[in-house]
Amino acid sequence: MRVVLLGPPASGKGTQGRALARHTQQTYLSTGALLREAVENQTEIGQTAEPILQRGEYVSDPLMCSILADWLQRNDSEKGWVLDGFPRTMPQAQFLDNWLGERQLRLHAAISLDVPFEELLSRVSGRVECPVCRWSGQRSDLTRSNRCPQCDGPAHSRKDDDPENFRSRYQEYERFTVPVVTYYREEGILIKVSASAPKPAVTKEILRQITQPTS
Ligand code: ADP
């Protein structure tokens, strides 16, 4: 099963993507986490991406598509995958269609997570990420000594999680990613999930819808 996750910043793509991949034994990729790691390691990709992430803009399509081509070549298998954060633009969706088409494969579903704007804004202000295992969640999820609940690493807020940067990312989402949501709806593979409920309930709803045939 090959699946992509769409949704505005802080809608829970990371949390739900990891939970879904765990349940179905798919391989999981967060393009945002991959870019942040590249920035931290100051690789060539990281140096290109750093100022773009700081402005809350999207990284260019050619760079993202080449990152994905490389990742897919190394990670695509019968088990399938969950892509969190790709495609975010129509050229990226086109790239993925071509990649799959050339291999006689298809996308099983595109899951779109819906959360009201005000709630996204409040989630962003409490969000933390672990630089060791890339777990992401709310400050209230941390251990009593403020460490990552998954690996005990030094989880902290993301540099790009201030309200101004969030607004910019949200605008990018509306401009470039909403057309991708529409595209997958027209293709008949869109699964829309309200993601305001508690995390396990959202996971359950995704699993319920994903095992049903789409119309
Ligand atoms: P969020 O969903 O909260 O914005 P992510 O971790 O998914 O966080 O992404 C962080 C940033 O990484 C995005 O705002 C964007 O700048 C960059 N990014 C990730 N994936 C892509 C992509 N497919 N195309 C362009 N930019 C991307």
Side-chain angles (χ1 to χ4, degrees), residues 3-18 20-21 28-41 43 45-72 81-97 99 107 110-117 119-131 133-139 155-181 183-184 193 195 202:
V3 172
V4 299
L5 266 172
L6 309 165
S11 55
K13 296 188 296 293
T15 304
Q16 296 305 330
R18 280 192 308 268
L20 175 62
Y28 167 77
L29 170 70
S30 159
T31 50
L34 184 147
L35 291 170
R36 284 188 292 283
E37 196 174 328
V39 170
E40 278 156 31
N41 295 332
T43 63
I45 288 174
Q47 286 175 8
T48 308
E50 189 167 18
I52 303 170
L53 297 192
Q54 268 167 9
R55 291 196 299 270
E57 291 168 10
Y58 280 179
V59 170
S60 77
D61 290 330
L63 180 57
M64 288 314 301
C65 293
S66 93
I67 291 173
L68 253 288
D70 183 49
W71 187 88
L72 287 167
W81 32 250
V82 179
L83 300 183
D84 154 10
F86 191 96
R88 265 180 153 98
T89 65
M90 276 312 294
Q92 292 178 18
Q94 208 57 60
F95 161 85
L96 193 58
D97 276 358
W99 193 92
L107 198 59
I111 302 162
S112 167
L113 301 180
D114 279 349
V115 178
F117 181 84
E119 192 178 330
L120 294 171
L121 197 55
S122 94
R123 283 188 190 184
V124 154
S125 67
R127 180 154 70 171
V128 281
E129 184 181 55
C130 174
C133 72
R134 295 287 153 196
W135 168 88
S136 172
Q138 291 290 303
R139 205 171 291 286
H156 53 67
S157 323
R158 272 167 45 176
K159 274 196 191 133
D160 62 353
D161 268 350
D162 62 85
E164 201 188 320
N165 188 302
F166 165 77
R167 279 176 206 280
S168 162
R169 277 184 285 148
Y170 190 82
Q171 274 169 12
E172 295 279 89
Y173 173 79
E174 290 210 300
R175 179 166 172 212
F176 296 109
T177 313
V178 169
V180 179
V181 177
Y183 169 69
Y184 286 130
V193 175
V202 177

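Counting convention: from 1, in listed order, for ligands and their atoms alike. Every value quoted in this text rests on a predicted model; they were computed, and no experiment measured them. Both backbone and side-chain heavy atoms feed into the values below; hydrogens, waters and symmetry mates do not.
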Expected output: side-chain N165 to main-chain L53 donor-acceptor under 3.5 Å: yes
message: Under a 3.5 Å distance rule, please check whether R167 uses its side chain to pair with a backbone N or O of E164 as donor and acceptor.
response: no
task: Can you sort out which atoms of ligand 1 are near E57, meaning under 4.0 Å from one of its heavy atoms?
output: 15 (C), 16 (O)
task: Give, for atom OG of S125 and atom CD of Q138, the distance between the pair rounded to the nearest 0.5 Å.
output: 7.5 Å
query: With a 4.0 Å cut-off, would you call R36 and E40 a salt bridge?
result: no
query: Heavy atom of E172 under 4.0 Å from ligand 1?
result: no
query: Between R158 and ligand 1, which residue portion shows a heavy-atom distance shorter than 4.0 Å: side chain, backbone, both, or neither?
result: side chain
- prompt: Is the shortest heavy-atom distance from the side chain of R18 to the side chain of W135 under 4.5 Å?
  reply: yes
- request: Using distance alone, decide if ligand 1 has a nitrogen or oxygen within less than 3.5 Å of any nitrogen or oxygen in T31.
  value: yes
- request: List every atom of ligand 1 that sits less than 4.0 Å from any heavy atom of P9, numbering the atoms from 1 in the order shown and giving each element.
  value: 1 (P), 2 (O), 3 (O), 4 (O)
query: Would you find a donor on one side and an acceptor on the other, under 3.5 Å apart, between the side chain of R169 and the backbone of P9?
result: no
message: Other residues, nucleotides and ligands only: do more than 12 of their heavy atoms fall within 6.0 Å of CZ on R55?
response: yes
field: Which segment of R134 sits under 4.0 Å of ligand 1 when only heavy atoms are counted
entry: neither
message: Using a 4.0 Å cut-off to any heavy atom of G85, which atoms of ligand 1 qualify?
response: 20 (N), 21 (C), 22 (C), 23 (N)
message: Show me which atoms of ligand 1 lie under 4.0 Å from any heavy atom of Q92.
response: 22 (C), 23 (N), 24 (N), 25 (C)
query: Which is closest to atom 9 (O) of ligand 1 in terms of heavy atoms, M64, R88, K13?
result: R88
query: Does ligand 1 have any atom sitting under 4.0 Å from a heavy atom of I52?
result: no
message: Within ligand 1, which atoms have a heavy atom of A10 less than 4.0 Å away?
response: 3 (O)
task: State the atoms of ligand 1, each with its element, that fall below the 4.0 Å cut-off from a heavy-atom position in L35.
output: 12 (O), 17 (C), 18 (N), 19 (C)
task: For this output row, return yes or no: ring centroids of F117 and F166 closer than 6.0 angstrom.
output: yes
task: Ignoring hydrogens and angles, state whether a donor on the side chain of T177 or Y58 is under 3.5 Å from an acceptor on the partner side chain.
output: yes
field: Options V59, I67, V39, ranked by nearest heavy atom to atom 25 (C) of ligand 1, top entry
entry: V59
query: Do R139 and S157 meet the criterion of a side-chain donor-acceptor pair at a distance under 3.5 Å?
result: yes
message: List ligand 1 atoms under 4.0 Å from R36, heavy atoms only on the residue side.
response: 5 (P), 6 (O), 10 (C)
message: Suppose I only count heavy atoms of F86 and a 4.0 Å limit; which atoms of ligand 1 are within that range?
response: 23 (N)
task: Distance to 0.1 Å, residue and atom name: give those for the protein heavy atom nearest to atom 14 (O) of ligand 1.
output: R169 CD, 3.0 Å
field: side-chain contact (heavy atoms from CB on, under 4.5 Å) evaluation trace for T31 with L83
entry: CA-CA 8 Å; T31 50; L83 300 183; over 6 Å; no
task: Please write down residue, atom name and distance for the protein heavy atom closest to atom 3 (O) of ligand 1.
output: R127 NH2, 2.8 Å
statement: Among non-hydrogen protein atoms, atom 11 (C) of ligand 1 lies closest to L53 CD2, 3.7 Å
